[in-house]
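The chains referred to below are lettered A, B, ... by the order of the sequence lines, with proteins before strands, and numbering in each begins at 1.
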Number of protein chains: 2
Amino acid sequence: MTDQATPLGVTPAAGDLPESAGRVLLEILINGPLPRVELARRLGLSGPSLTRLTRPLIASGRLIEGVARHQSVGRPLQPLDIDVSSEHFIGIKLTGGALYAVVTDLRGEVLAESERSLNGNDPAVVAAEIATEVARFGTTFAGLTGVGIALGGRSPDGRVVGEANFLGWRNVPLADLVEVACNLPVVVANDVNALTQAQHWFGAGRGLDSFAVVTVGAGVGLGLVMHGRLVQGVHGGAGSIGHQVLTNSDATCWRGHRGCANALLSAQAIEAATERATGSPAPLDVILRGAERGDPALRAIVDQAGEALGLLIAGVANFADPQKILIAGEGARLGTVGGHAMLRAFHRAGAWETTETPIDVQPFAFNEWARGAAASAIYARVMA
Amino acid sequence: MTDQATPLGVTPAAGDLPESAGRVLLEILINGPLPRVELARRLGLSGPSLTRLTRPLIASGRLIEGVARHQSVGRPLQPLDIDVSSEHFIGIKLTGGALYAVVTDLRGEVLAESERSLNGNDPAVVAAEIATEVARFGTTFAGLTGVGIALGGRSPDGRVVGEANFLGWRNVPLADLVEVACNLPVVVANDVNALTQAQHWFGAGRGLDSFAVVTVGAGVGLGLVMHGRLVQGVHGGAGSIGHQVLTNSDATCWRGHRGCANALLSAQAIEAATERATGSPAPLDVILRGAERGDPALRAIVDQAGEALGLLIAGVANFADPQKILIAGEGARLGTVGGHAMLRAFHRAGAWETTETPIDVQPFAFNEWARGAAASAIYARVMA
DNA sequence: CCGATTTAGTTTCACAGTAGAATTTATTGG
DNA sequence: CCAATAAATTCTACTGTGAAACTAAATCGG
């Protein structure tokens, strides 16, 4: 943990601001430039309070006044914004064989990205590789403020990796290792939780009080926001729905469960089903493209997976009844290509009006994972 | 909605108290008598603040000073308590054919109870029956402050019953009907949510930040507390896990799902399985007693149900990773009698350390449902 | 072009809620 | 009786807040 003497620090008594000053900064960070009146309305404060609160923030450069926006009549609105380029964050997504990195600004916008394969999975080696990548970005981006590392595993405290089976890790103090190596504050997070945090602050979940992210990819995951905050779980294990049984089916996952989410929905499962059906292997995106073009065998497979996805989101809707469910991950396009089957299953299995829950499927680039990692670093910076 | 000019009103600016006065009252309501130092510690306030905040509360009778408790040395602690008998609440649990009512004090202690069968399920008739019961209690208990009604259904707003299938209701404005009939504020709640609220404030979930209640009875339900607050869901539909698929099984529920929670765990399902196996029907408690005594056929059935329960709580633990899971409902004893099978399945299907989540099974009396209803009324009174 | 109108933002001021320091109160133990 | 201990209180200064009145910067309409 290094103290960089940088400004900003958004919430609980960061520096020595009143708490509401932090809420002002956070509201602007999440929602973009806002005029004082609007901030007053959103935060339940009076106009005078906003003048008072923002004055020192502007004086110290934490907030900057944008160009006035004219309304139909009356004095124009004076939007206030955070200088999002005053700080930069690095997000790292670790997979079994590679490391994906992005640099973002304070609002999670990706400014640069890179990829590097990993030579082995010894924690020290991985930490060194991360540090190398961070150093490389450090030369082009001034003012790196924090590093977030996301992986398919569990970290109850944001510092130690409890488990990461794909790396064979248990209780690896990754944050400490990387902090020593690159002299920046480091946060470790579960990849799905990190992605959910990013979407909640800067993406499809912006401003929502309850929100769920279902990811389809190497595994199946779930991120949850309830009462406006990410649900992590006491052991950091919330959202471990990969082995949830969805239907009576013969498909088995790598742990031998029949009909679980991983058995029906993981990229590996869909690819295996395709190979069984067509005799030839193909990666998930090719399968999806084929189904889209009308190949009947692939269409059947995609529809079956889409149905499983529909059952999964029905389970999520029945469980938590969130305001919105986002389908994400490398396999998110399954929610589009197999969308019809998905929605049919969802409507069949969902209880009551929970079937009205908006399901959002967006194009997903792989660097979203690393962006999520950066969002975790931003969160830690801003809420700590 | 009637205003009774009664005192108390615990939180956001009730009356015209400072917000922290409300937090003081709530802390005492939930945790029982507490001395000022302890309150200061728990609420993050200073000693002087507690003197100041409590003075008017004591003067107005909202708080009463108990008998001083001597420590080893030093001035003795002066516990402050709420006069729990200053207000009384009625909790009503509606089932298909009957109405169960309790009277509680402010802390949810049951002071009286009653039961009455329902003649039909016309909303007006049911509302009248409720009003009769409330009036009957009104003669013995002075100062009735509110009525809570719990039922196996959904109420997104606490006033209208969205659906209650067992009564054949849709969009019934039950709270309005009963308020007109008995001139007291009325709240309507889902029975499992109400029970969860009661357990969170006055029971096994006291003080917990995250907490889950799994109920086994006529149906299977789930109540969730996250970030210290009950999760209701946008449509009031959170916790609808009755039709969640648990395992590959031939058992079907009344909707035709194979292997869902209701198909394996509802009282009806266990009773049906028993009749199939032994040829003679028996109610759930008899089945449980038989299994306990060592009857092999009943033991097998109970173990199978226990296993299903274990899978269900594993799903809950994997999903939300709460600090504790409570098994409740008329069939809660399944968690004891079939506890071994339950825990085995839980440990097999749970991810990581979530299997360390404490599972709490407590004796469950049917009036707990009505007590939950009363807790909803208390919540509404205190948080409104 | 100029004053009325509209809305954003500011200044002034009084007030509520808070904690720090010093003090009082009620006890135990010698 | 007195020292030690810890709870509770008094006194006081400070911080964050909004109401009321005001200023600023635009449009509109003659």
Side-chain angles (χ1 to χ4, degrees), chain A residues 9-28 31-60 62-81, chain B residues 9-28 31-60 62-81:
Chain A
V10 156
T11 355
D16 52 351
L17 303 170
E19 200 212 291
S20 2
R23 292 201 293 142
V24 167
L25 289 171
L26 189 57
E27 195 68 23
I28 294 175
N31 296 289
L34 292 171
R36 277 169 259 247
V37 247
E38 179 64 18
L39 286 165
R41 217 175 35 76
R42 294 193 186 209
L43 304 176
L45 294 167
S46 66
S49 291
L50 263 115
T51 299
R52 179 176 32 80
L53 289 168
T54 54
R55 191 174 4 239
L57 296 175
I58 292 170
S60 66
R62 297 239 258 294
L63 285 183
I64 45 184
E65 305 196 87
V67 285
R69 268 191 19 239
H70 294 197
Q71 318 258 80
S72 51
V73 296
R75 177 173 173 169
L77 296 157
Q78 175 67 69
L80 301 177
D81 199 2
Chain B
V10 155
T11 355
D16 52 351
L17 302 170
E19 199 212 291
S20 2
R23 292 201 293 143
V24 168
L25 290 171
L26 189 57
E27 195 68 24
I28 294 175
N31 296 289
L34 292 171
R36 278 171 258 247
V37 247
E38 178 63 18
L39 286 165
R41 217 175 36 75
R42 294 192 185 209
L43 303 176
L45 292 168
S46 66
S49 291
L50 263 117
T51 298
R52 178 177 34 80
L53 290 167
T54 54
R55 194 181 353 247
L57 297 175
I58 292 171
S60 66
R62 297 238 260 294
L63 284 182
I64 45 185
E65 305 197 87
V67 286
R69 269 192 18 239
H70 295 195
Q71 316 261 82
S72 52
V73 295
R75 180 173 172 167
L77 296 157
Q78 175 67 71
L80 302 177
D81 199 2

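In this structure, B:R41 places its CZ atom 15 Å from P of C:dA19, rounding to the nearest Å. Atom CD in B:E38 sits about 14 Å away from atom C1' in D:dA6, given to the nearest Å. Here the P atom of nucleotide C:dT7 and the CG atom of A:L39 are 19 Å apart, to the nearest Å. In this structure, A:R23 places its CZ atom 8 Å from P of D:dT17, rounding to the nearest Å.
Taking a 4.0 Å limit (strictly below) on heavy-atom distances, residues 50-59 of chain A reaches DNA chain D at A:R52, A:L53.
Note that CD1 of B:I28 and CG of B:L80 are 5.0 Å apart. Values are rounded to the nearest 0.5 Å. Atom CG of residue B:L43 and atom OG of residue B:S20 lie 8.0 Å apart, to the nearest 0.5 angstrom.
Closest contact between the side chain of A:S20 and the listed nucleotides D:dA8, C:dG17, D:dG16 involves D:dG16.
Taking for each of B:R36 and A:L45 the nucleotide of DNA chain D with the nearest heavy atom, the 5'-most of the two is the partner of B:R36.
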Any protein N or O atoms within reach of nucleotides 21-27 of chain C? Criterion: under 3.5 Å, listing atom names and distances.
{"unit_1": "C:dT25", "atom_1": "O2", "unit_2": "B:R75", "atom_2": "NH1", "d": "3.4"}
{"unit_1": "C:dA26", "atom_1": "N3", "unit_2": "B:R75", "atom_2": "N", "d": "3.4"}
{"unit_1": "C:dT27", "atom_1": "O3'", "unit_2": "B:H70", "atom_2": "ND1", "d": "3.4"}

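Between A:L17 and A:L25 the shortest side-chain heavy-atom distance falls below 4.5 Å.
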Exercise answer: donor-acceptor pairs, residues 72-79 of chain A side-chain atoms, under 3.5 Å, sequence neighbours excluded:
{"unit_1": "A:Q78", "atom_1": "NE2", "unit_2": "A:G66", "atom_2": "O", "d": "2.7"}

Please report, to 0.1 Å, the donor-acceptor pairs under 3.5 Å made by any side chain of residues 46-57 of chain A, with sequence neighbours excluded.
{"unit_1": "A:S46", "atom_1": "OG", "unit_2": "A:S49", "atom_2": "N", "d": "3.3"}
{"unit_1": "A:S46", "atom_1": "OG", "unit_2": "A:S49", "atom_2": "OG", "d": "3.1"}
{"unit_1": "A:S49", "atom_1": "OG", "unit_2": "A:R52", "atom_2": "NH2", "d": "2.8"}
{"unit_1": "A:T54", "atom_1": "OG1", "unit_2": "A:R36", "atom_2": "NH1", "d": "3.1"}
{"unit_1": "A:T54", "atom_1": "OG1", "unit_2": "A:L50", "atom_2": "O", "d": "2.6"}
{"unit_1": "A:T54", "atom_1": "OG1", "unit_2": "A:T51", "atom_2": "O", "d": "3.3"}

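The minimum heavy-atom distance between B:P33 and B:D81, with the atom names listed, is CG-OD2, 3.5 Å.
Legend: residues meeting salt bridge (Lys or Arg N to Asp or Glu O under 4.0 Å) with A:E27, ordered by chain and number and at least two apart, are A:R42.
Neither OP1 nor OP2 of D:dA7 sits under 4.0 Å from any side-chain N or O of B:R69.
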